[in-house]
Amino acid sequence: MDDAITHIRFTGTEINYYFLCRKKLWYFSHYIQMEQNSDAVYLGKLIHENSYEREKKEIDIDDTIRIDFISKDRVIHEVKKSDKVEEPHIWQLKYYIWYLKQKGVEGITGKINYPKLRKTQDVYLETGDDEKIEAILKEIRDITGASTPPSADKRKICKNCGYGELCWI
Amino acid sequence: MKQNFYIFNSGRLKRQENTIFFEKEDGSRSVIPIENTESIYAFGEIDFNTKLFNYLAQKGIAVHIFNYYGFYSGSYYPRETLNSGQLLVKQVNHYTNRNKRITLARAFIESASFNILKNLRYYNNRGKDLGGVINTIEGYSSQIASSDSVDGLMGIEGNIRNAYYKAWPTIIDQEIEFERRVKQPPDNMVNALISYLNSLVYTTCLGEIYHTQLNPLISFLHEPGERRFSLSLDLAEVFKPIFSDRIIFTILNRQQISEKDFMTEVNFCYLNEKGRKTVIKEYDEKLKTIITHKKLDRQVSYRHLIRLECYKLVKHLIGEQEYEGFKIWW
Ligand code: SF4
């Protein structure tokens with residue numbers, strides 16, 4: 001593996017944003033964060049606090065990945081308030097598994113909990129995923145390392161994006 | 001949209017559990033809906049305690065304090081939560097680099113003078129003879145692009161304002177004695193209104209800066225340190241013609257404010273409480289006025305225009321898009 005990559009630490013949010021929007025990723029990685037729509041934040045918190053009351057919550061590893069909780073059978077869980085299963089969520093969790101593997105923690109799998117959907121999604125690090133994640137990390141490094149944000153086209157997701165006003169003014 | 005909360009009475013502002021209430025001297029209480037409060041404006045004799053300030057900090061609410069005469073004395077600006085070291089470095093860099101600083105200073109003055117001219121044209125179209133002063137100011141404005149020092153720009157700004165103020169007795173229907181701007185303390189009714197409204201615009205700009213990563217201490221047109229939060233002065237320059245000046249013209253021409261709304265003490269002139277309330281009401285309504293934003297293609301309030309201005313500055317500082325000051329289009 002590329003030596004440099006082992007030293008990069010990106011957060012789960014950055015992996016997520018890489019899939020959502022590169023411009024958002026750039027802003028976020030430069031600490032330009034938008035005040036959150038308070039309703040959304042509130043809802044997120046509520047889902048977090050009430051859904052999995054009994055489990056131990058939020059394990060912070062290296063200030064880099066934050067795992068919502070881990071169950072005895074070596075499954076890391078991520079809780080999402082979304083009402084559909086989304087690709088970025090899956091990759092975020094694959095990244096967590098990969099990250100732990102780099103640290104020598106083997107045999108981990110993942111589960112995304114969608115309380116709104118009453119559904120879970122299992123996540124595994126599959127053959128070829130290691131290479132994919134490394135390629136993604138390199139790309140994230142290139143995007144966030146650029147001096148200005150990448151240009152973007154207006155898409156459907158822009159409508160609900162907290163960066164919308166900054167982006168399009 | 002969150003609301004400003006204005007307190008004119010004397011009393012005590014208190015936190016009890018998770019509510020904040022204002023207790024008047026006679027013991028009566030009113031609750032301040034904290035989740036829905038943008039800033040608190042304190043005009044009365046008010047006692048505060050640290051428990052309250054801690055809570056306000058947590059909620060990101062600023063308190064602006066005015067003295068007995070309605071004169072702005074300062075703001076409680078809660079600890080900032082949206083920090084970006086990288087943006088701060090860029091902001092400083094745009095101040096220390098002479099060319100970069102002048103680019104921004106020019107943009108502020110350009111839009112300020114555009115907005116001033118817009119006001120003059122409005123009244124000119126309504127039968128006030130302002131052609132002369134419009135020409136004069138257009139002349140000054142044309143010097144902005146070639147001016148290569150901040151002092152030079154400030155000089156142009158001063159000339160524009162002087163010419164503009166000379167036209168005020170023509171714009172204003174009431175009999176006023178207003179020849180020039182006198183700040184602290186104001187010597188007549190119009191100067192008192194300008195001082196008061198400008199301080200409101202300043203605090204509104206400060207409040208909007210607070211919700212962004214911009215650092216309020218570092219400015220470009222004004223010298224940092226001229227006032228503590230000098231970036232607010234830069235932004236206020238752009239919005240004063242639209243917020244302050246227009247309100248002054250309107251309330252005087254509608255006879256909503258007259259001599260009896262002021263108190264004069266040894267040649268100084270201040271709004272009395274009734275006068276202040278009238279002005280605040282107009283100001284508050286102005287902030288809430290909704291317009292359709294052409295570029296964003298959606299409705300925004302006047303107050304939100306200031307936030308958008310902050311975003312434009314952020315984009316300029318990170319090199320994404322050159323800043324162009326707000327120009328009123330209606
Ligand atoms: S508004 Fe659209 S382009 Fe801009 S950051 Fe959000 S998703 Fe990306």
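Convention: sequence-line order gives letters A, B, ...; per-chain numbering from 1. Reckoned from all heavy atoms, side chains included, excluding hydrogens, waters and symmetry mates.
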Hey, could you give me the CD1/CG distance between A:Ile32 and B:Leu317, rounded to the nearest 0.5 Å?
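A:Ile32 CD1 to B:Leu317 CG: 9.0 Å, rounded to 0.5 Å.
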Approximate separation, where rounding is to 0.5 Å, of A:Ile169 CD1 and B:Leu313 CG:
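A:Ile169 CD1 to B:Leu313 CG: 11.5 Å, rounded to 0.5 Å.
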Distance-only criterion, 3.5 Å: which donor-acceptor pairs connect chain A and chain B?
unit_1	atom_1	unit_2	atom_2	d
A:Lys23	NZ	B:Glu320	OE2	2.9
A:Tyr27	OH	B:Glu320	OE1	2.6
A:Tyr27	OH	B:Glu320	OE2	3.0
A:His30	O	B:Ser84	OG	3.0
A:Tyr31	O	B:Gln213	NE2	3.4
A:Gln33	O	B:Gln213	NE2	2.8
A:Glu35	OE1	B:His211	ND1	3.1
A:Glu35	OE2	B:His211	ND1	2.7
A:Glu165	OE1	B:His304	NE2	2.6
A:Glu165	OE2	B:Arg298	NH2	2.1
A:Glu165	OE2	B:His304	NE2	3.0
A:Leu166	O	B:Lys315	NZ	2.9
A:Cys167	O	B:Lys315	NZ	2.7
A:Ile169	O	B:Lys295	NZ	3.4
A:Ile169	O	B:Gln321	NE2	3.2

Contact winner vs chain A - B:Leu308, B:Leu87, B:Val300, B:Leu82, heavy-atom pairs under 4.5 Å:
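The option with the most such pairs is B:Leu308.
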Can you name the residues that form a salt bridge (charged side-chain N to carboxylate O under 4.0 Å, His left out) with A:Glu78, not counting sequence neighbours?
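Result, salt bridge (charged side-chain N to carboxylate O under 4.0 Å, His left out) vs A:Glu78: A:Lys80.
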